[in-house]
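Just so it is clear, the model here is predicted, and its values are computed rather than measured.
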Amino acid sequence: MSRPAHIAVFAALTLGFAGCDSSALTGDAGAFVIHEYYDGATTWTWREPGEADTGDDVVLDQAQLLHSQRADDGTMEVRRGVTWEDGTAVGSLTFDLLATDLILSTWSWGEGGSGDATILARERGSPGDTVTNLQGACVVDVVDDLETYYGTFDHALKSTCTGTDAPEGDYWFAKGFSLVKAETSAFSLDLVAPH
């Protein structure tokens, strides 16, 4: 990615790289500690990856960036534009911050949406677990070296959902950053900057 070296250094320090130690992602015996994924960032800037992305020469169109701020109830309103304040609403994602599991409570994006919850991962769950929902299921895993526009995360929790009330596809979460990447049937997100 074509970015100044000081941004890359800052990203490496901020991400708190942990080598190949999977305990950096999970708790005792490899179990996920879900609340740790909500601590940290409360606003995000994402981009929508596209077919034009090739190599390291991704150019950001500031007017097309997606900005999100999380409210106290866990709702992340997403707006497109140069800033969140001046942006146009495109959707929202609400995560249940009081639940012990990783739950997408409601979502809306364009003309689509659902008010029914999807459990993306279980508290104390392990990599490889299948989480059965009323509709469909999500398979949870650990991904090493997850690349985003922001930088590379040594470890991320990945939830792949099919047939659920949440959009089908892949969701990646990093400790202290929450949702850092998504490739779903309704939206695609790639972290540009957390705040």
Side-chain angles (χ1 to χ4, degrees), residues 14-44 46 68-78 91-109 113-148 150-184 186-187 189-191 194-195:
T14 304
L15 295 175
F17 293 139
C20 295
D21 181 7
S22 64
S23 65
L25 179 68
T26 56
D28 297 335
F32 295 115
V33 181
I34 297 301
H35 77 87
E36 294 178 354
Y37 295 90
Y38 292 128
D39 296 339
T42 56
T43 63
W44 301 261
W46 293 299
S68 179
Q69 295 185 1
R70 186 174 68 206
D72 291 341
D73 69 352
T75 299
M76 300 162 66
E77 182 181 345
V78 182
S92 66
L93 306 169
T94 302
F95 291 94
D96 189 341
L97 302 181
L98 300 178
T100 55
D101 296 327
L102 178 54
I103 299 174
L104 179 60
S105 299
T106 63
W107 69 275
S108 66
W109 204 273
S114 176
D116 295 322
T118 297
I119 303 170
L120 301 175
R122 294 269 188 205
E123 172 74 4
R124 312 306 296 169
S126 300
D129 284 356
T130 297
V131 180
T132 303
N133 285 272
L134 292 176
Q135 299 280 335
C138 299
V139 177
V140 186
D141 210 343
V142 173
V143 174
D144 294 330
D145 300 323
L146 174 66
E147 291 186 18
T148 67
Y150 175 67
T152 300
F153 291 87
D154 278 353
H155 302 283
L157 181 159
K158 178 184 179 185
S159 182
T160 301
C161 298
T162 54
T164 59
D165 288 306
E168 289 194 357
D170 299 320
Y171 302 80
W172 290 267
F173 298 82
K175 280 189 176 180
F177 292 85
S178 191
L179 184 65
V180 294
K181 192 171 184 175
E183 292 176 4
T184 76
F187 52 82
L189 303 171
D190 179 29
L191 185 67
H195 305 283

Using every non-hydrogen atom in the two residues, find where Arg122 and Thr132 come nearest and quote the distance to one decimal. NH2-O, 4.3 Å

Between Leu97 and Tyr38, is any pair of side-chain heavy atoms under 4.5 Å apart? yes

Closest approach of Val33 and Arg124, non-hydrogen atoms and distance? CG2-NH1, 3.4 Å

What distance do Trp172 atom CH2 and Leu191 atom CG have between them, rounded to the nearest 0.5 Å? 13.0 Å

Listed partners of Phe187 passing ring-ring contact (aromatic ring centres under 6.0 Å, His included), at least two apart: Trp109

Shortest non-hydrogen contact from Arg70 to Ala41? NH2-O, 3.8 Å

Below 4.0 angstrom, N of the basic side chain to O of the carboxylate: do Lys158 and Asp141 qualify? no

From Leu102, Val143, Val142, Val180, residue fulfilling side-chain contact (heavy atoms from CB on, under 4.5 Å) relative to Leu157: Leu102

Non-hydrogen atoms of Ser68 and Met76 that approach each other most closely: OG-CB, 3.3 Å

Reported SG-to-OH distance for the pair Cys161 and Tyr171, which is rounded to 0.5 angstrom: 5.5 Å

Distance only, no hydrogens: is a donor on one side chain within 3.5 Å (strictly under) of an acceptor on the other, for Thr106 and Thr94? yes

Does a donor on one side chain sit under 3.5 Å from an acceptor on the other, for Asp170 and Thr160? yes

Given side chains that start at C-beta, do those of Phe173 and Leu120 come closer than 4.5 Å, heavy atoms only? yes

Taking all heavy atoms of Gln135 and all of Asp165, pick out the closest pair and write down the distance. CG-OD2, 3.7 Å

Interatomic distance, OG1@Thr118 vs CG@Asn133, rounded to 0.5 Å, equals 5.0 Å

Just how far is it from atom CG of Leu146 to atom NZ of Lys181, taken to the nearest 0.5 Å? 5.5 Å

Going by the angle between their ring planes, with limits at 30° and 60°, are Phe153 and Tyr150 parallel, tilted or perpendicular? tilted

What heavy-atom pair brings Thr152 and Glu147 nearest, and what distance separates the two atoms? OG1-CG, 3.7 Å

Evaluate the side-chain proximity of Val140 to Phe32: yes if any heavy-atom separation is below 4.5 Å, no if none is. yes

